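Each remark here refers to the structure printed beneath this line.
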Amino acid sequence: MKRIAIADCNNFFASCERVFNPKLIKKPVVVLSSNDGCIIARSNEAKALGIKMGEPFFKCADLIKKHNVFVFSSNFSLYGDMSARVMQTISELATDIEIYSIDEAFFYMQSPVIDFKTNQEKLDWYTNHAKYIKKQVYQKTGLPMSIGIGPTKTLAKIANKIAKKFPEFENVFDITNLSGVASAKTDHPKLDDILKNIEVGDVWGIGYRYAEFLKRYNIKTAYDFKQCDEAWVRKNLTINGLKTLLELKGTSCIKLEDNLDEKKSITVSRLFGKNITELNDLKEAVSYHITRAAEKLRRQNMSTSVITIFIAFANYYDPHKQYLSSTVTLPIASSYTPTLIQYAIQCLEKIYKKGVTYKKAGIILSDFCSASSIQLNPFEKIPNIEKQSQAMATVDKINSKMGKNKLFFAISGTKHIWQPKLEKKSPCYTTNWHDILTVKI
DNA sequence: TCTGGGGTCCTAGGACCC
DNA sequence: TCTGGGGTCCTAGGACCC
């Protein structure tokens with residue numbers, strides 16, 4: 001039978017930095033999120049120092065200084081490029097690859113080998129083949145990876161955790177091959193032992209909220225969850241929770257997907273460099289975000305018919321509401337920046353409250369259709385789509401040649417007092433502070 | 001005009017993932 | 001306890017239609 005494997009690169013961003021800088025080998029390395037925010041990747045050495053994932057940078061600055069940790073600002077063009085090479089290598093050795101994130105891919109494995117003595121597939125084939133893939137990726141990219149194998153995506157994810165945790169497995173673990181006893185059966189006692197040692201919140205699909213909820217019912221481990229009543233899970237954790245439960249029991253419910261590269265929505269949002277209160281400043285920010293999103297949309301050759309805008313309060317004056325949002329459905333799908341800005345501003349005006357401070361604005365485009373098949377609405381004034389797309393193509397061309405936002409819409413303004421802090425405060429930890437690689441995305 | 005039942009669409013919010 | 005940004009999916013409730 002087919003196995004599902006999940007491969008992911010160990011400490012991906014930190015490992016990418018290392019590939020091009022041998023000085024970093026065996027040294028603690030961290031990578032920061034945009035806006036200097038927080039730690040988003042750590043090498044094993046940095047983990048060993050107790051630096052936590054997602055920790056705000058300023059909180060661990062002392063620790064970083066003390067242990068000469070190498071700090072990098074994130075460089076997404078580099079990571080994207082490395083990712084493409086990793087995925088290319090895997091796809092040459094597997095069928096039906098699903099690129100799940102920048103550093104993870106699911107793929108199927110099917111043993112071509114039959115053991116003639118027992119008339120069964122050779123169980124070790126999966127582990128050996130995964131080790132081969134891992135080796136190839138390392139040879140071609142210099143990036144270390146781990147691979148977990150299971151009968152379902154959820155169990156493969158658990159196998160992947162084990163592959164990472166116990167060095168004796170050399171970063172490859174097949175949960176369908178426990179002590180050489182057969183295959184994809186999931187009532188193997190050893191599997192239950194594994195699940196008893198996995199916290200329920202560490203199961204793929206069970207997040208912080210559900211984990212807290214389940215703990216109130218004394219469901220603490222993956223094994224406890226596996227014993228739950230299906231109807232109860234369906235009722236309290238929605239259909240997705242039920243799928244997770246069934247997957248733990250060995251029934252595959254979450255299939256591999258192919259064209260994940262066609263986005264169904266596009267979000268652009270940023271915290272402001274400083275809090276703002278004025279409607280005009282919000283308009284500038286929203287227009288700017290819409291402009292960026294529309295560029296992405298056109299690159300996908302899509303038009304959108306739903307725009308959502310949201311603004312987040314700087315202060316929690318209402319614990320139940322941290323932001324305001326408004327959604328509009330366009331009568332005719334569009335990718336024409338001025339049209340999208342016009343609708344977005346209408347939304348903004350609807351929700352804006354005077355006398356409140358805001359820390360963030362964002363926009364979401366959704367419900368796409370192909371730019372060439374826009375449904376016209378007989379009751380609307382028909383836009384000259386041909387002309388509009390020519391105009392946008394020209395703007396896009398100029399901006400891609402001359403630099404982002406060289407040509408922009410007046411409403412986006414020029415003051416940009418809302419813009420995020422750009423000064424990448426390089427804490428000069430002298431000897432170990434490296435030039436930040438900042439590449440325009 | 002509020003009397004039954006059924007369906008769809010939209011919106012807001014909540015959960016999850018990396 | 002959300003620290004940043006970008007995604008997907010599900011559900012409840014209201015509006016509206018026949």
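Bear in mind the structure is a predicted one, so any value in this text is a computation, not a measurement. Order of the sequence lines sets the chain letters (A, B, ...), proteins ahead of strands, with each chain counted from 1.
Annotation: cation-pi geometry satisfied between A:R292 and A:Y288 (NZ/CZ under 6.0 angstrom from ring centroid, within 45° of ring axis). Stacking of A:K27 on the aromatic ring of A:F70 is not recorded, the 6.0 Å distance cut-off and the 45° axial limit not both being met.
The side chain of A:P56 has C:dT3 as its nearest neighbour among C:dG5, C:dT3, B:dC17.
Proximity of A:K157 to the phosphate of B:dC18: a side-chain N or O atom is located under 4.0 Å from OP1 or OP2. Applying the 4.0 Å criterion to OP1 and OP2 of C:dG7, one finds that A:T267 has a side-chain N or O inside that range. For C:dG6, the OP1/OP2 oxygens have a side-chain nitrogen or oxygen of A:S269 closer than 4.0 Å. Between A:R209 and B:dC17, a side-chain N or O to OP1/OP2 separation shorter than 4.0 Å is absent. OP1 or OP2 of B:dA12 has at least one side-chain nitrogen or oxygen of A:T327 nearer than 4.0 Å.
Residues A:I147 and A:N171 form no side-chain contact, since every pair of their non-hydrogen atoms from C-beta on lies 4.5 Å or further apart.
Salt bridge A:E212/A:R209: absent, no basic N to carboxylate O contact under 4.0 Å.
Evaluation of the side chain to side chain donor-acceptor pair (under 3.5 Å) test over residues 149-160 of chain A, restricted to residues two or more places apart or in two chains, returns A:D8-A:N160, A:E98-A:K153, A:E104-A:K157, A:T154-A:E247, A:N160-A:K164.
Nearer to the 5' terminus of DNA chain C, by closest-nucleotide assignment, is the contact made by A:V268 (compared with the other of A:V268 and A:I239).
Consecutive Watson-Crick or G-U pairing (both distances under 3.5 Å) extending over three or more pairs maps onto DNA chain B as B:5-18 with C:5-18.
Within residues 302-310 of chain A, no residue approaches DNA chain C, by heavy-atom distance under 4.0 Å.
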